[in-house]
Amino acid sequence: MDMLKAFVLGTALTLVVAIVVGSQGSSGGALAVHSMALGNKEVFWSWPLFLTGTGLSWGILAMQR
């Protein structure tokens, strides 16, 4: 259950940071923020940031047990 919660928190963190970094026209260096077309909308996403945010969230949730 903690991993599912961590996925949600990692997704939220990634969306917030990727939107801020991507809307400024930057790739964020090691964050590798790129723009994806989702239907008619443009969405910014970063897999390295998602994996890091999910791992960090999972670690924090595991420590709270």
### Summary
So the side chain to side chain donor-acceptor pair (under 3.5 Å) pairs with at least one residue in residues 49-63 (sequence neighbours excluded) are none

### Task
Nearest 0.5 Å please: distance from the CG atom of Leu9 over to the CD1 atom of Ile60.
8.5 Å

Who passes side chain to side chain contact (heavy atoms under 4.5 Å, CB included) against [X], sequence neighbours left out?
X     : result
Val17 : Leu13, Val21, Leu31, Leu49
Val20 : none
Gln24 : none

Starting from [Y], can I reach [X] by hopping between I/L/V/M/F/W/Y residues whose side chains sit under 4.5 Å apart?
X     : Y     : value
Leu15 : Leu38 : yes
Val33 : Phe50 : no
Trp45 : Val8  : no
Met1  : Met3  : yes

What residue pairs, at least two apart or across chains, pass salt bridge (charged side-chain N to carboxylate O under 4.0 Å, His left out) with a residue in [range]?
range          : result
residues 44-61 : none
residues 1-24  : Asp2-Arg65
residues 35-56 : none

### Message
Please enumerate all residues that pass side-chain hydrogen bond (donor to acceptor under 3.5 Å, both in side chains) together with Thr11, with sequence neighbours excluded.
### Response
none

### Summary
Quick note, ring-ring contact (aromatic ring centres under 6.0 Å, His included) partners involving residues 7-44, not counting sequence neighbours, are none

